[in-house]
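Below is one structure, written out as structure tokens; the observations come after it.
Remember, it's a predicted structure, so these values are computed and weren't measured experimentally. A note on names: the letters A, B, ... follow the listed sequences, proteins ahead of strands, and every chain is numbered from 1. Note: hydrogens, waters and symmetry copies are ignored here, and every other heavy atom, side chains too, is used.
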Amino acid sequence: MKLVGEKGVQRILMITALSAISSLLLIALFIFSEGLPFIFKYGAGNFLLANEWDPNTGHFGIFPMIMSSVWVTLGAMVVGAPLGIAGAIFLSEYASPIIMKIVKPTIELLAAIPSVVYGFIGVMVLAPVIRNNLGGPGLSLLAGCIILGIMILPTVISISIDSILAVPRSYREGSLALGATTWQTTHMVTIKAARSGIVASIILGLGRAIGETMAVIMVAGNSVNIPNSALDSVRTLTANIALEMSYATGMHREALFATGVILFIIIMILNSIASVAIRNRNAKK
Amino acid sequence: MRINPKYTQWGAVTILTSATIFTILILVFIIFFILEKGLPVLGLSFLTENPQEMGKAGGIFPTLIGTIILPVFALLIATPLGISTSVYLAEYTKETRITKVIRFGTDCLAGIPSIIFGLFGYIFFVITLGFGWSILSGGLTLAVMVLPTIIRTSEEAIRAVPNSYRKVSFSLGASRWQTVKKVVLPNALPGIVTGIMLSIGRSIGETAAVIFTAGSSLRIPSSVFDSTRTMAVHFYILAREGISSENAYGTAATLIIAVLFVNLLAYYTMHRFIAKRS
Amino acid sequence: MNIKFKIENLSVYFGKEQFLNSVNLEVEANKILGIIGPSGSGKSTLLGALNRMNELEPYCRTEGTILMDGVDINSSTYNVINLRKKVGIVFAMPVPLPMSIYENVVYGVRLSGVNDKKRLDELVEKSLSEAFLWNEVKDRLNLSGLRISGGQQQRLCLARVLAMEPEAILLDEPSSGLDPISTSKIEDALNQLKEKYTIVLVTNNTKQAARISDNTAYFLLGDMIEVGSTKQIFTAPLKKETDDYITGRFG
């Protein structure tokens, strides 16, 4: 303190405060500088819309991976969003405070379980069930959707709970005083007021699902194709990067970074939407 | 037709309750499944012996070392950066364009998937800076990854320190930095520790960002320039390459116990913190 | 007559709102100046101007001059940290810092770089005695400052200021949350302290001002209405507003 003085401290703190944003810029810079030249060279149309991915013959079409990522993510939403929102509503509006106190951190623990463990459960438990009952290889789009759906639950639940609890008590009391049942109050008043926060939780869940790598590699089968059914084996954008990165060189490696560029852009768009939604929620408060 | 509100109420509560119970059951199932299969394998020798035949037999000792070193290294870098960022945001500025940019950057960084961190760490630390697959590369990558968590939890903890403490401190002739050092940070400490714990938990379980930056060597590292393999990476390789499902379960159980332990510790710290506040 | 503070045309704004309107006031050294008036009259704002605590609030603007011993404390070269060490304040609600009684008392002194154990021990005993608290806490100085009663906490806050050996002490309704016994202990302490310090006491309790202050000033809606000896203000006020307030016809 004596060495640098009050102004010096402030300057040092400000410089360190730029660490997060400069990391972000550095990440963008390096991913883009590795990936963008490839996209220009190869042609964005060829890269994004072609169906064939065969690095050995120089074919780098990621359309199947894009479709697979979209389907896996949407499927995960179908599994995770209703469960998560229902859980959030129950915990914040119906459960006693003690249950909330125990269950909320327990569910948040779900977020701490490593994604490889989820993947492993998918391989050992879920895939055989799918194979034996529904047919197909088991490691499939469906398995990916279910595992990812479970993985996004904590995100959806905890952000939704925060939004629901942020709704002023007086709204609810007003509705109950008019003779509404608690459920009528919940779905006509509370959920409406918490809407933007709930939307944000779903979008952040979307971001988590589309970016998830290890669990998807383990359960989704990884064949490059546009899925025709939920039982098909699929390969997502993230899986494509992780599977081939360790041995890729030259054009092939550039193509993987270009895949990263696409992923980065998608995530940034989703994050921006979510942060606008959360800001709406906070503004309303 | 209008359904009696009583029935919709009953139906809704039933659905909500079962959804919640279902969610909890999934969690309990995952943990118990892994522990049931893994605990029989887990023992002192499993933890202290070197793996044989790429992990087909023997223990997981080197990965235990990797799992401790990498998060510690990452947190040594991310903690000071994160705390000083949060001090700057919470104590030194009003809401300006700069703080908005910093906050937006932090949020974006928090949303980036780990595979992107892996790509970045690989091209920047491993290739461009020439650190190779090493503890250094892996630790720095993890540090960038957990930075947003530390910034957010620290800022929240700092903002939770009552303003009256700051006022008293200033009124007794303290400078801003003295106030931060003597009153704000000591009182925000439990919250900050919680953030650090959560970050350690995330680092322990991370795979995608680590495998492309720290590599997967099974040797015990002798310097930060050596490659290392964490438990999560080891587990992934065992499971994915079908080397040994028995040892995979054992590793998974160790991993889960470590992660749960760290997280429970974090909740415990936070809980005591909140209890002390009220 | 020795003047400690000479306040000239002091106006204070928070954002667009004006809290003090061109106030002129002199504060005598080694006397207790009581400041009375209904809430919102700018009493606390005046205290905040005397040790420049106001400027910690965002959007605060101060006009006019305050001379302390003839020196303008608002000038850009004046060291605000030294000012706060010389002009201590006790707030309305007692706020012990979450540390031991001992550390609370020496907090400010340590900031100035005093770390000699013997010197600190002396200061703790002296300050706590002056605040009429020593006998109650001398055996448990390591107890958290949060774990003593409200009345004791407020005297601890006073002792904390005394340990700085300031020149003036500002008190902002120090007994608003206290029981009569604690209040009387604080008043006893203040009566002795004025020998050494200049004291400005803001109070909502006109009887308290009548009991212990030497001079009294009446504030209303940011204006200084009247100032004079306490006896004169309470027996023969010059302004009708003052008379209305002290006789309870206010509002």
Handout entry: Part of A:Leu270 within contact of chain B (heavy atom distance under 4.5 Å)
Key = neither
Problem - Minimal non-hydrogen separation, B:Phe235 against A:Val116, with atom names - result: CE2-O, 3.4 Å
Practice task
Could you grab the distance from atom OG1 of B:Thr20 to atom CD1 of A:Ile107, nearest 0.5 Å is fine?
Solution key: 7.0 Å
Completion exercise
Cut-off 4.5 Å, heavy atoms of chain A, and the answer for B:Ile31 is side chain
Handout entry: Part of B:Ile115 within contact of chain A (heavy atom distance under 4.5 Å)
Key = both
Handout entry: Winner by heavy-atom pair count (cut-off under 4.5 Å) against chain B, out of A:Pro105, A:Ala95, A:Ser33, A:Ala111
Key = A:Pro105
Problem - Among the listed options B:Gly105, B:Gly111, B:Ser86, B:Gly82, the residue most often paired with chain A at heavy-atom distances under 4.5 Å - result: B:Gly111
Practice task
Kindly determine whether A:Ile113 and B:Leu27 satisfy side-chain contact (heavy atoms from CB on, under 4.5 Å), including the steps that lead there.
Solution key: CA-CA 9 Å; A:Ile113 294 179; B:Leu27 169 73; 3.8 Å; yes
Completion exercise
Between the NZ atom in A:Lys104 and the OH atom in B:Tyr267, the distance rounded to the nearest 0.5 Å is 8.0 Å
Handout entry: Gap between atom OG1 of B:Thr8 and atom CD of A:Gln184 - 0.5 Å precision
Key = 5.5 Å
Handout entry: Minimum side-chain heavy-atom gap A:Trp183-B:Val13 below 4.5 Å
Key = no
Problem - Minimum side-chain heavy-atom gap B:Ile123-A:Arg253 below 4.5 Å - result: yes
Practice task
Tabulate, in ascending numerical order, the residues of residues 198-209 of chain B having at least one heavy atom closer than 4.5 Å to a heavy atom of chain A, or enter 'none'.
Solution key: B:Gly205, B:Thr207, B:Ala208
Fill in the blank from the handout: Here the gap from A:Ile21 atom CD1 to B:Thr85 atom OG1, rounded to the nearest 0.5 Å, amounts to 11.5 Å
Practice task
Below 4.5 Å from any heavy atom of chain B, which atoms of A:Tyr94 appear? Answer side chain, backbone, both or neither.
Solution key: side chain
Fill in the blank from the handout: Residue from B:Ile30, B:Leu264, B:Asp107 scoring the most non-hydrogen pairs under 4.5 Å with chain A is B:Ile30
Practice task
Could you check which of B:Val28, B:Val87, B:Ile34, B:Thr106 has the highest count of heavy-atom pairs closer than 4.5 Å to chain A?
Solution key: B:Ile34
Problem - Proximity breakdown for A:Leu153 and chain B, heavy-atom pairs closer than 4.5 Å - result: side chain
Exercise for the section: Side chain from CB out, backbone as N, CA, C, O: work out which of these in A:Val103 comes under 4.5 Å of a heavy atom of chain B, or both, or neither. Expected result: side chain
Handout entry: Backbone N/O of B:Leu81 and side chain of A:Thr16: donor-acceptor pair under 3.5 Å
Key = no
Completion exercise
For A:Ala17 and B:Tyr88, the nearest pair of non-hydrogen atoms, with its separation, is CB-CD2, 3.5 Å
Practice task
Report yes if the side chains of A:Leu243 and B:Arg240 come closer than 4.5 Å at any heavy-atom pair, otherwise no.
Solution key: yes
Exercise for the section: With a 4.5 Å cut-off on heavy-atom pairs, point out which of B:Phe29, B:Phe104, B:Trp10, B:Phe33 contacts chain A the most. Expected result: B:Phe33
Practice task
Count the heavy atoms of every other residue, nucleotide or ligand shown that sit under 6.0 Å from CD of B:Gln9, and state whether that count exceeds 12.
Solution key: yes
Completion exercise
Answer key: most heavy-atom pairs under 4.5 Å with chain A among B:Ser18, B:Ala248, B:Cys108 is B:Cys108
Handout entry: Part of A:Thr182 lying under 4.5 Å from any heavy atom of chain B
Key = both
Completion exercise
Between the CG atom in B:Leu147 and the OG atom in A:Ser23, the distance rounded to the nearest 0.5 Å is 6.0 Å
Problem - Contacting moiety of A:Glu34, where chain B heavy atoms sit under 4.5 Å - result: side chain
Side-chain donor-acceptor contacts of residues 81-93 of chain A below 3.5 Å, not counting sequence neighbours, with atom names and distances?
residue	atom	partner	partner atom	Å
A:Ser92	OG	A:Ala88	O	2.7
A:Glu93	OE1	A:Thr190	OG1	3.4
A:Glu93	OE2	A:Arg172	NH1	2.9

Exercise for the section: Measure the acute angle between the ring planes of A:Phe120 and B:Tyr249, then classify it against the limits of 30° and 60° as parallel, tilted or perpendicular. Expected result: perpendicular
Fill in the blank from the handout: In terms of heavy-atom pairs under 4.5 Å with chain B, the winner among A:Pro114, A:Ala274, A:Gly207 is A:Pro114
Completion exercise
Rounding to 0.5 Å, atoms CD1 (A:Ile241) and CG (B:Leu119) come to a distance of 5.0 Å
Fill in the blank from the handout: Cut-off 4.5 Å, heavy atoms of chain A, and the answer for B:Val101 is both
Handout entry: Portion of B:Leu89 that has a non-hydrogen atom of chain A nearer than 4.5 angstrom
Key = neither
Problem - chain A contact via B:Thr99 - side chain, backbone, both or neither, heavy atoms under 4.5 Å - result: neither
Exercise for the section: Output the option from A:Ser115, A:Ala242, A:Gly260 having the highest count of non-hydrogen pairs under 4.5 Å with chain B. Expected result: A:Ala242
Problem - Which atoms of A:Met268 approach chain B - backbone, side chain, both or neither, heavy atom under 4.5 Å - result: side chain
Practice task
Check each atom of A:Ile210 against the heavy atoms of chain B and say whether the ones under 4.5 Å are side chain, backbone, both or neither.
Solution key: neither
Practice task
Answer yes or no: are there more than 12 heavy-atom neighbours, outside B:Glu156 itself, under 6.0 Å from its atom CD?
Solution key: no
Exercise for the section: Select one option (side chain, backbone, both, neither) describing which atoms of A:Val125 are under 4.5 Å from chain B's heavy atoms. Expected result: side chain
Practice task
Pick one of side chain, backbone, both or neither for A:Ile27, based on which atoms fall under 4.5 Å of a heavy atom in chain B.
Solution key: both
Problem - A:Met218 side chain reached by B:Tyr236 side chain, heavy atoms, under 4.5 Å - result: yes
Practice task
Compare all side-chain heavy atoms of A:Phe257 with those of B:Tyr122 and state whether any distance is below 4.5 angstrom.
Solution key: yes
Exercise for the section: Tell me, for B:Ile24 versus chain A, whether the close heavy atoms (under 4.5 Å) come from the side chain, the backbone, both or neither. Expected result: side chain
